[in-house]
Each structure stands twice: as structure tokens, then as C-alpha cells.
Amino acid sequence: MNDDLRDRLRRAFRWTNPGPPADYLVSDRSGWWRDPAILDGLGPALADFFRDDRPTVVVSPEVTGFLLGPLVARSLGVGFVEAYRAGARRAIAEPMIWAEVPADHRGEIQHLGVRRELLAADDRVLVVDDWASTGAQARGLRTLLGDRYLGTAVIVDECPPAVTAELTIRSLLTGEDLP
Ligand SMILES: O=P(O)(O)OC[C@H]1O[C@H](OP(=O)(O)OP(=O)(O)O)[C@H](O)[C@@H]1O
């Protein structure tokens with residue numbers, strides 16, 4: 001089952017050259033969401049990595065996480081909480097909990113925040129994202145969640161093995177699987 005999903009993910013992924021002045025390739029993940037079989041399979045496949053840990057809620061960072069997190073939450077039969085990036089939009093009106101995200105793959109320090117009232121002290125939280133590059137988002141959310149953090153499920157994990165292990169990141173693909 002997951003072998004077919006992994007094949008589809010590999011085939012639907014592209015590196016794009018944005019052209020000057022950029023001198024690097026950017027990931028084009030849009031083909032993943034365009035493929036109905038991938039969209040159907042991602043939620044259960046990522047949920048299965050942590051199903052035995054009985055998560056009570058899924059938390060994902062904006063913006064791609066807002067697409068993927070609810071698919072996983074639905075498969076687990078739990079709800080979803082948005083983690084916002086500070087400064088990316090108008091300030092959230094409700095009381096928030098914020099945590100610093102260490103310098104990520106862009107080299108930027110950010111802050112991620114969730115609405116305080118949406119997480120209970122005894123929640124068991126699964127973090128879901130499409131990609132872990134340095135593990136910065138996962139680390140920031142673990143700081144925010146404390147003992148409530150179960151781990152992070154992603155499509156692609158490019159982190160060093162020690163980071164993957166430390167942050168309990170589980171993935172369908174690694175960087176080496178990509179074209
Ligand atoms: O492991 P890290 O170094 O934290 O990198 C992973 C993050 O990078 C991507 O986000 P991006 O900033 O590209 O935003 P997006 O959600 O809009 O794609 C991805 O969606 C993760 O959130």
C-alpha cells in the first residue's frame with residue numbers, strides 16, 4: 001500500500017529552477033495535492049506512523065501543514081489545531097502560546113503559536129508537516145507542547161539521523177528518495 005504511495009509521491013515531485021537571482025532549486029510539491037490517489041492515501045499513511053500512540057489532536061505549522069494536518073486528523077478521528085507563523089498575517093485575536101523556532105532551512109528564526117484554549121494539559125499531540133529539513137518546526141513545536149508532544153509525521157524527512165531520532169520524526173520518504 002505505502003509502496004504505491006511512495007512511488008506516486010516520487011513521480012509527482014519536481015525540483016524547479018526559479019531563475020536569477022536565485023541560484024538554487026525549489027521543491028514543487030503541488031503535484032502531490034493534484035493526484036487524487038495521493039490525497040486519499042496521505043492521511044492514513046501518515047496517521048499509521050503514530051496510530052498506536054493514540055494521539056488526541058493534530059497540530060501543523062502554516063501553510064502547507066494546514067492542508068496536510070486535517071487529512072491525518074480525519075484518519076485518526078481527532079481534531080486539528082493550526083500553528084501560526086508570527087508575522088505571516090494579522091495578529092490572532094485570541095490568547096496564544098508561542099515558541100521560538102530555531103533557525104530553519106532558510107536560516108530564519110521564527111515563532112510558532114497556537115490558540116491557548118485549543119490544547120488541554122492532557123492532550124497527546126501529533127505534529128504533521130509535509131517536510132522536515134532541519135527539524136526546526138518540529139523542535140519549535142516540541143518546545144511549545146512539552147510533554148504533550150508525541151512526535152512528527154512528515155512526507156519527506158531530510159534531517160540528520162540524530163535529529164530524526166531525537167524529535168521522533170517518521171516519514172514516507174527521505175531526501176535520497178527524491179529525484
Ligand atoms: O525542518 P525545517 O527546517 O523547519 O523545514 C521544514 C519546513 O519547511 C517547509 O516550510 P516552508 O517554509 O517552505 O513553508 P510552506 O509551509 O509554506 O511550504 C515545510 O513545509 C516545513 O514547514
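Just so you know, ligand 1 is whichever comes first in the structure, and atom 1 is the first atom listed for that ligand.
The distance from ligand 1 to the heavy atoms of Glu62 drops below 4.0 Å at these ligand atoms: 16 (O). Against a heavy-atom cut-off of under 4.0 Å, Arg29 is close to the following atoms of ligand 1: 13 (O), 18 (O), 20 (O). If you number the atoms of ligand 1 from 1 as listed, the ones under 4.0 Å from a heavy atom of Asp130 come out as 19 (C), 20 (O). Interface atoms of ligand 1 facing Gly135, defined by a heavy-atom separation under 4.0 Å, are 1 (O), 2 (P), 3 (O).
Around atom CG of Asn17, more than 12 heavy atoms belonging to other residues, nucleotides or ligands sit under 6.0 Å away. Within 6.0 Å of the CD atom in Glu117, the count of heavy atoms belonging to other residues, nucleotides or ligands does not exceed 12.
For the pair Gly65 and ligand 1, the shortest N or O to N or O distance does not fall below 3.5 Å. Residue Ala132 has no N or O atom closer than 3.5 Å to an N or O atom of ligand 1.
Of the inter-residue distances, the one linking Ile38 atom CD1 with Leu42 atom CG reads 6.5 Å to the nearest 0.5 angstrom. Separation of atoms CH2 (Trp33) and CG (Leu39) is listed at 8.0 Å; rounding is to 0.5 Å.
The salt bridge (charged side-chain N to carboxylate O under 4.0 Å, His left out) with Arg170 is formed by just one residue from the set Asp53, Asp52, Asp48; it is Asp53.
Scanning all protein heavy atoms for the shortest distance to atom 13 (O) of ligand 1 gives Arg106 NH2, 2.7 Å. The shortest contact between atom 6 (C) of ligand 1 and any protein heavy atom is with Trp131 O, 3.3 Å. Summary of contacts: the protein heavy atom closest to atom 18 (O) of ligand 1 is Thr64 OG1, 3.0 Å. Protein heavy atom nearest atom 3 (O) of ligand 1, with residue, atom name and distance: Thr134 OG1, 2.6 Å. Scanning the protein heavy atoms around atom 9 (C) of ligand 1, the nearest turns out to be His105 CE1, 3.9 Å. Protein heavy atom at the shortest distance from atom 21 (C) of ligand 1 is Asp129 OD2, 3.1 Å.
A salt bridge between Asp147 and Arg124 is absent, with no side-chain N of the basic residue lying under 4.0 Å from a carboxylate O of the acidic one. Residues Glu94 and Arg115 are paired through a salt bridge, judged by an N-O separation under 4.0 Å between the basic side chain and the carboxylate. Between Glu100 and Arg139 there is no salt bridge, since no side-chain N of the basic residue sits under 4.0 Å from a carboxylate O of the acidic one.
Linking ILVMFWY side-chain heavy atoms closer than 4.5 Å, directly or via other members, places Phe66 and Val81 in two distinct hydrophobic clusters.
Heavy-atom proximity to atom 17 (O) of ligand 1, evaluated over Thr152, Leu112, Leu67, Val63, is greatest for Val63. Comparing Glu108, Arg139, Gln137, Arg85 against atom 10 (O) of ligand 1, the shortest heavy-atom distance belongs to Arg85.
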